[in-house]
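In what follows, a structure is listed as C-alpha cells, so that the remarks can point back to it.
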Amino acid sequence: MAEAAADALRGTCHGLAHLGDEHETLAASSAAYTTRLDELVFECACCGWWCDIDEMSDDPEVCIDCSDQ
C-alpha cells in the first residue's frame, strides 16, 4: 500500500489527502505504513515536490535540485 502511495506522490506536489481517505487513515494509524513511505519518498521542504529518497541532499529535508540553488 505504501508503494502505491509513493508511486502516486512521486513527482507531484500533492499531499496524502489527494490519494484519498484510506491513505490518510493509514498514515495516521500505521507506523509501518509511514516508515515504508519514508523509505521510498520524501516531500522537499523547499520546493514541495515529492522525490525519491535517493534524491535527498545532505540536508534531509531538501532535494538535490533545491540544495544546488
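Annotation: the span from Glu3 atom CD to Met1 atom CE amounts to 10.5 Å, rounded to 0.5 Å. For the atom pair Glu24 CD and Leu16 CG, the distance stands at 6.5 Å (nearest 0.5 Å). For the atom pair CD (Glu61) and SG (Cys66), the distance works out to 12.0 Å, reported to the nearest 0.5 Å.
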Considering only distance and modelled atom types, tabulate donor-acceptor pairs under 3.5 Å from the side chains of residues 38-49, sequence neighbours left out.
from  : atom 1 : to    : atom 2 : distance (Å)
Glu39 : OE1    : Arg36 : NH1    : 3.1

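Annotation: side-chain contact (heavy atoms from CB on, under 4.5 Å) contacts of Thr25 (sequence neighbours excluded): Ser29. Every residue two or more places apart in sequence or in another chain that forms a side-chain hydrogen bond (donor to acceptor under 3.5 Å, both in side chains) with Asp7 is listed here: Arg10. Among residues two or more places apart in sequence or in another chain, the side-chain contact (heavy atoms from CB on, under 4.5 Å) test is passed with Thr34 by Ala27. Qualifying side-chain contact (heavy atoms from CB on, under 4.5 Å) partners for His18, counting only residues two or more places apart in sequence or in other chains: His14.
Of all the heavy atoms in Ala6 and Leu37, the pair that sits closest is N-CD1, 3.8 Å. Of all heavy-atom pairs spanning Ala5 and Tyr33, the tightest one is CB-OH, 3.2 Å. Between Ser67 and Ile64, the shortest heavy-atom distance links the atoms OG-O, 2.9 Å.
Other members of the cluster containing Val62 do not exist, because no ILVMFWY side chain is joined to it at under 4.5 Å.
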